[in-house]
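Since the structure comes first, as structure tokens, the remarks are kept for the end.
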Number of protein chains: 2
Amino acid sequence: MNRQILVVEDEAPIREMITFVLEQNGFNAIEAETIEQAQAKIKEPYPDLILLDWMLPGGTGVKLAKSLKQNEYTRTIPIIMLTARADEDDKVKGFDAGIDDYVTKPFSPKELIARIKAVIRRVAPTALEEAIEFHGIKLDPVAHRVSINDKSLDLGPTEFRLLHFFLTHTERVYSREQLLDNVWGTNVYVEDRTVDVHIRRLRKAIAGEGHEDFIQTVRGSGYRFSGKTKDRA
Amino acid sequence: MNRQILVVEDEAPIREMITFVLEQNGFNAIEAETIEQAQAKIKEPYPDLILLDWMLPGGTGVKLAKSLKQNEYTRTIPIIMLTARADEDDKVKGFDAGIDDYVTKPFSPKELIARIKAVIRRVAPTALEEAIEFHGIKLDPVAHRVSINDKSLDLGPTEFRLLHFFLTHTERVYSREQLLDNVWGTNVYVEDRTVDVHIRRLRKAIAGEGHEDFIQTVRGSGYRFSGKTKDRA
DNA sequence: AATAATTGTGACAGTTTCATGACACCGATA
DNA sequence: TATCGGTGTCATGAAACTGTCACAATTATT
């Protein structure tokens, strides 16, 4: 589960900070200061992703990227380039070399992590793209389809994401704020109560089919998606 | 319960506005105009979060951030940096010092509050999340569920917290004041006898299932949650 | 036994929280 | 431009929750 990320960056403070942030976020960081060091560390086990600084002593990062892309075993490792400025020319050169994404300095920890996750998701489309089935509810993220007991539903985008989140996080209470973070996104600022309304819409959409109370209100805490019927004592 | 937030900002109008917004949203604001003032105020009780302006007389905010991150006790206090758009290049320097997030001026109150909550949520999770089992009583804080001998209970928020406290503090007498402190929160003014009523409600909710007297009254002292059948002191 | 102290219990009103329908806004599209 | 689906916010009423009280029941004290 823990992804290995190789950080190639010559400036020690930035490198250490990146490592710190990565490990805070559950990644496993490996450090390299130079292209030579990096090449030495790209052996088995191969890292799952490489964070590559653009300006490096002993050659630009693109050089390393190119050589990696030529090797059968390292060819598929995604690379995120760290560039000092958003320079169009550099980007073009980078894309030639098969760079997967860019993060322009300065960047925030949040941004970095978000990019990394995005790239991993894109390259390894495993879990997030798998169809889910839960108590007769089928959700196919790829086809963007939902059905209950083989009767298909018509959901709006937000309702779809909300249901998707719930289906992958069942039997657990989430506060309105947590739902906003996970379904709407971290930098969206809407009222807590907006969640209520969407819960309502989703409930309405999946109502009437078998199991009544998939979405349960936990007063004072939030909502829970559960297969167990809400029984009271 | 109330989070303490230290606002380090030299411009009075902005500082006061921030304080106002914070207090509107249930936070407890402490103000500081300079780095020196801020350092003087970062003593026990340590603030839960620091809002730090970038441009300050007597040094940049990063300086303060760095010194905080070096101290064992202040190291974990999350910092949100306030930067003006023009300061963007300094992001790297801030990042370097271990900033948790940025809010770029001008910002809306909504955005500020959302960021603060997100950071607090990210920094202070876990710990109280483990499921407990005690003589057939199961309590799962994550799912927010309680059952006795696999029969699920329906508890209100206060009853839930009270039971949670008892399950993590069994076989020991607690006075009404202690229970108020631990379950209601420290600076809440309610009558002692309120505890009695909630004890009653909790007793009622878990009654009839096997062991009769989980909650024992210790006359003159308080209450005790116990697995042993009623014995007296 | 009588009295005092303490706790149990039911009721109640004020408050908080939630469900729900309505509505205005926005971007896409015809 | 007009329409339409999707979305966020608000007002409203219902329901749940909470703290407090009055009084009953129990236990301790004289």
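In what follows, chains carry the letters A, B, and so on, assigned in the order in which the sequence lines appear, proteins first and then strands, with residues in each chain numbered from 1. Note that the coordinates shown come from a computational prediction; the quantities given were computed from them, not determined experimentally.
- Y223(B) comes within contact range of the sugar-phosphate backbone alone, with a heavy-atom separation under 4.0 Å but no base atom that close.
- Taking all atoms of both residues into account, the shortest heavy-atom contact from I215(B) to R203(B) is O-NH2, 3.0 Å.
- Not a single donor-acceptor pair, N or O on each side, falls under 3.5 Å between the base of dG8(C) and the side chain of R201(B).
- Remark: P of dT18(D) and CD of E159(B) are 6 Å apart, rounded to the nearest angstrom.
- Put simply, W184(A) has no side-chain N or O that comes within less than 4.0 Å of OP1 or OP2 on dT7(D).
- T217(A) has no side-chain polar atom (N or O) that falls below the 4.0 Å cut-off from OP1 or OP2 of dC18(C).
- Taking atom CG of L179(A) as the reference point, atom P of dC18(C) lies 12 Å away to the nearest angstrom.
- Side-chain N or O atoms of R224(A) include one that pairs as donor or acceptor with a backbone N or O of A143(B) at under 3.5 Å.
- Counting atom types as modelled, R219(B) pairs no side-chain N or O with a base atom of dT7(C) as donor and acceptor under 3.5 Å.
- If you find the closest nucleotide of DNA chain C to R176(A) and to R193(B), the one lying nearer the 5' end belongs to R193(B).
- To the nearest angstrom, P of dA15(D) lies 17 Å from CG of D196(A).
- Taking the six-membered ring for Trp and thresholds of 30 and 60 degrees, Y174(B) and F165(B) have ring planes more than 60 degrees apart, a perpendicular arrangement.
- Separating the CG atom of D192(B) from the C1' atom of dA5(C) is a distance of 15 Å, rounded to the nearest angstrom.
- One can place CD of Q216(A) at 15 Å from C1' of dC18(C), the figure rounded to the nearest angstrom.
- Whole-Å rounding puts the K204(A) NZ to dA19(C) C1' distance at 11 Å.
- For D154(A) and dG6(D), the CG to C1' distance is 11 Å, given to the nearest whole Å.
- Across every non-hydrogen atom of S226(B) and E171(B), the tightest pair is OG-OE1, 2.8 Å.
- Looking at every heavy atom in both residues, R15(B) comes nearest to D10(B) through NH1-O, 3.5 Å.
- Remark: C1' of dG5(D) and CZ of F160(A) are 17 Å apart, rounded to the nearest angstrom.
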